[in-house]
Number of protein chains: 2
Amino acid sequence: MATIKDIARIAGVAPSVVSRALNNKYGVKESTRKRIVAIAKELGYHPNSAARSLVTRRTETIGVVMADISEPYFSQIVKGMEYVATQTGYTLLFSNSYENVEHGRVLRKMISGERVDGLVIIGSNIQEKGFIAALAEQEIPFVLVERNLPDPKVNCVWVDNVQGGYLATRFLLDKGHRRIGHIAGNLHFQVALDRIEGYKRALEEAGIAFCEELVVSGNFLTEGGYRAMKELLKAGCTAVFAANDAMAYGALQAIAEEGLAVPDDVAMVGFDDLEFSALTHPPLTTVRQPRYEMGRRSLEILTAILRGEEAGGVKVCFQPEITVRRSA
Amino acid sequence: MATIKDIARIAGVAPSVVSRALNNKYGVKESTRKRIVAIAKELGYHPNSAARSLVTRRTETIGVVMADISEPYFSQIVKGMEYVATQTGYTLLFSNSYENVEHGRVLRKMISGERVDGLVIIGSNIQEKGFIAALAEQEIPFVLVERNLPDPKVNCVWVDNVQGGYLATRFLLDKGHRRIGHIAGNLHFQVALDRIEGYKRALEEAGIAFCEELVVSGNFLTEGGYRAMKELLKAGCTAVFAANDAMAYGALQAIAEEGLAVPDDVAMVGFDDLEFSALTHPPLTTVRQPRYEMGRRSLEILTAILRGEEAGGVKVCFQPEITVRRSA
DNA sequence: CCCGTCTTCGAAAACGTTTGTCAAATCATG
DNA sequence: CATGATTTGACAAACGTTTTCGAAGACGGG
């Protein structure tokens, strides 16, 4: 593998000049730069990133922490992030936290080993408040996705979840439903709480009393949605708002098993608008999160901060929209 | 951030001793090792990975190249890889090739910048034969997933696709179908060709003539499956084997749009057994690929090679099984 | 022709590790 | 106690960059 010294030797010049030439830095004559660049290309030179980041103290890579990259929910966010990463020359380093960022052995390695210049953390849960605070003390910039923290210093991009919950519930209300169940997410996550809040708000606005047994947690997973729906069916309701699409899938399955029809017997609206939601039976009416844009925006913020073009403390709240299909 | 020198100073010892102590190397008294380890823990020391890999010429990270990480097909493979990565202490670095590994700017950076110790390449296409050959010339070990190359030196883990195609078609044959369509994948990929081959073989065995207009390519995407199915419907058939589940989803949609019933009017079997396939309407009968195991196995091979425990040239072929649900 | 300014380049230090070599210290053995 | 063997620790070089600083060269103005 060719090094900067090889190039220097061939070009009859000092290594420092090569470095400057290749990095388009001030102080090298245009003709010699041309010559050096040509030699570098010829040798197929690529800078050794370890050596570089050892001195610059930058790695040009960004760590991305999320619960589980195999969840389809994250795919579009990741794609959006990747778009700006390739634009800006950053490399993305993913790490699954499996629901608990704090326990991330990998995260420690990322930060302490100085492997990443910045971090984006998707969907941290409530209990990790202390951890996030500690992170803020460190020197490493980060942005939270799918979470809004009151701290004015931390960067957040999220979707207005109470508005989303409101929209979903309101939609069902407008269809004439009065007894609307809710399959909530994992209550350790603020998004779950917020969506419940939106649900309550719409109910209240319509003058309908909140009914404890009509909301049951499904833990954000398809299987949980299935179980939750079985319960709701017992409680009896004509419509349900599921806090995410994955649970709505399980719920649809549970409904089908009982021989009931959607939306005639029970209407369903989800949250997220995953790709697959257009393919369920019937296609799912759901609250759309602009996941790709959220990913994009979050990385734009982080790279801007890393480039020193932005001070930090950016808050971006996206507005959800309801995409209506045939399940409600 | 604490360095090895800080520890050395506090412990009253040379930096080299600290290094050896922390890495459990020969030549340091147990008592001083204990002392050093204690200090390191106290300071929250983590080795700077850039510095380390600069001298060791190892990064302890493995690059993973695939078409598009947001495709659900890859999720389980990735999960399997991640399992052994965390076991063995390797970090995974993902890179989307968007169907053309060769064009991967990121890949160049990975290899030439010496950012990765090894590579796993998932689903490279046929045209990239030259590229793979070139890669084999380099010093960097790699394993191909979802592809079997005749070269005895390259490591491959794949599933027996012609057997899979055979199984699917044979299943439909056994159900009494005689006119069976096939929605093929992107013909630049060997897997697509192999699955067609299996389809043909089953047909031949049953004494049914291969019929050109009954196989149409859907490019492995849901939308392509939809379009392909529309064509097949015109050609007329009572069953179809789709080369992957994503296309089967599109096909099911196309069938539903025509007001036909699955499996009564037309039976459907897919390939992959994605998570969603249990949730389609009706649930999809499909050929199962052990994706998690494939990911696991591929990384086991690679890490073994990197650790010097394995010579290379490993070939692992998984046998597909059919998981029958209700679409056929 | 001299002096100051500006441009171009080179030398060297630094980043934080690992590792080979060698000296010192310890220990066992006779 | 002397000797040799063995353990333990120190020193220094090396990995491939970037960056600071200063030297030398070019050049123009007076």
Side-chain angles (χ1 to χ4, degrees), chain A residues 1-37 39-40 43-61 89 91 109-117 139, chain B residues 1-37 39-40 43-61 89 91 109-117 139:
Chain A
M1 206 114 297
T3 84
I4 222 171
K5 285 180 186 169
D6 298 328
I7 300 177
R9 191 158 23 77
I10 294 176
V13 94
S16 50
V17 180
V18 177
S19 171
R20 276 189 285 257
L22 262 22
N23 292 325
N24 290 315
K25 286 252 178 86
Y26 157 92
V28 28
K29 190 160 48 173
E30 192 51 31
S31 62
T32 65
R33 177 198 305 280
K34 285 258 177 65
R35 190 157 45 93
I36 289 171
V37 168
I39 294 172
L43 292 170
Y45 170 79
H46 274 259
N48 179 305
S49 41
R52 169 178 282 178
S53 64
L54 182 56
V55 29
T56 62
R57 317 212 64 83
R58 279 176 284 107
T59 59
E60 305 289 324
T61 97
T91 300
K109 215 163 94 180
M110 276 187 181
I111 301 174
S112 308
E114 298 183 49
R115 294 167 74 106
V116 296
D117 296 344
E139 70 298 340
Chain B
M1 205 114 300
T3 83
I4 222 170
K5 285 180 186 169
D6 298 327
I7 300 177
R9 191 160 20 80
I10 295 176
V13 95
S16 52
V17 180
V18 178
S19 171
R20 275 189 276 259
L22 262 23
N23 293 324
N24 289 314
K25 287 250 179 87
Y26 157 91
V28 30
K29 192 160 47 173
E30 193 51 31
S31 64
T32 64
R33 177 198 305 280
K34 285 259 177 64
R35 190 156 45 93
I36 289 172
V37 168
I39 295 173
L43 281 121
Y45 170 80
H46 274 259
N48 179 303
S49 40
R52 169 177 282 178
S53 64
L54 182 56
V55 27
T56 62
R57 317 210 64 83
R58 277 176 286 106
T59 59
E60 305 290 324
T61 98
T91 300
K109 215 164 93 180
M110 276 187 180
I111 301 174
S112 310
E114 298 182 51
R115 295 169 73 105
V116 297
D117 296 345
E139 71 299 338

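Residue numbers start from 1 in every chain, and the chains themselves are labelled A, B, ... in the order their sequence lines are given, proteins ahead of strands. No hydrogens, no waters, no symmetry mates; every other heavy atom, side chains included, goes into these values. Since this is a predicted model, take the numbers as computed values, not measurements.
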Expressed as a whole number of angstroms, how long is the span from [X]:[atom1] to [N]:[atom2]?
| X | N | atom1 | atom2 | value |
| --- | --- | --- | --- | --- |
| A/Glu30 | C/dT8 | CD | C1' | 13 Å |
| B/Arg52 | C/dT18 | CZ | P | 5 Å |
| B/Asn48 | C/dT17 | CG | C1' | 8 Å |
| A/Tyr26 | C/dC9 | OH | C1' | 12 Å |
| B/Leu22 | C/dG16 | CG | P | 16 Å |
| A/Arg115 | C/dT17 | CZ | P | 14 Å |
| B/Arg33 | D/dT8 | CZ | P | 10 Å |
| A/Asp6 | D/dG16 | CG | C1' | 10 Å |

Checklist entry - So which of residues 7-21 of chain A are in contact with DNA chain C, with a heavy-atom cut-off of under 4.0 Å? => result A/Gly12, A/Val13, A/Ala14, A/Ser16, A/Val17, A/Arg20
Checklist entry - What distance do B/Ser49 atom OG and B/Arg58 atom CZ have between them, rounded to the nearest 0.5 Å? => result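 These two atoms lie 13.0 Å from each other.
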Item to check | Reported NE2-to-CZ distance for the pair A/His46 and B/Arg115, which is rounded to 0.5 angstrom | outcome: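 It comes to 12.0 Å.
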Minimum heavy-atom separation for [X] and [Y], please, with both atom names.
| X | Y | result |
| --- | --- | --- |
| A/Asp117 | A/Glu60 | OD2-N, 2.7 Å |
| A/Arg20 | A/Gly27 | NE-O, 4.5 Å |
| A/Ser53 | B/Ala50 | OG-CB, 3.4 Å |
| B/Leu22 | B/Tyr45 | CD2-CE2, 3.7 Å |
| B/Lys5 | B/Pro15 | CG-CG, 4.3 Å |

If only side-chain N and O atoms of [X] are considered, is one of them under 4.0 Å from the OP1 or OP2 phosphate oxygen of [N]?
| X | N | result |
| --- | --- | --- |
| B/Lys25 | C/dT18 | no |
| A/Asn23 | D/dT18 | yes |
| B/Ser53 | D/dC15 | no |
| A/Tyr45 | D/dT17 | yes |

Checklist entry - Between B/Thr32 and B/Ala51, which has a closest nucleotide on DNA chain D that is more 5'? => result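 Closest to the 5' end, via its nearest nucleotide, is B/Thr32.
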Item to check | First of B/Arg35 and A/Ile4 reached from the 5' end of DNA chain D, by closest nucleotide | outcome: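 On the 5' side of the pair lies B/Arg35.
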Item to check | Residue met sooner reading DNA chain C from 5', once A/Ser31 and B/Met1 are mapped to nucleotides | outcome: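 Nearest nucleotide further toward 5': that of A/Ser31.
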Checklist entry - Among D/dC15, D/dT17, C/dT17, which is the nearest nucleotide to the side chain of B/Arg57? => result D/dC15
Checklist outcome for this item: Side-chain contact check for B/Lys29: nearest option of D/dC15, D/dT8, C/dC9 is D/dT8
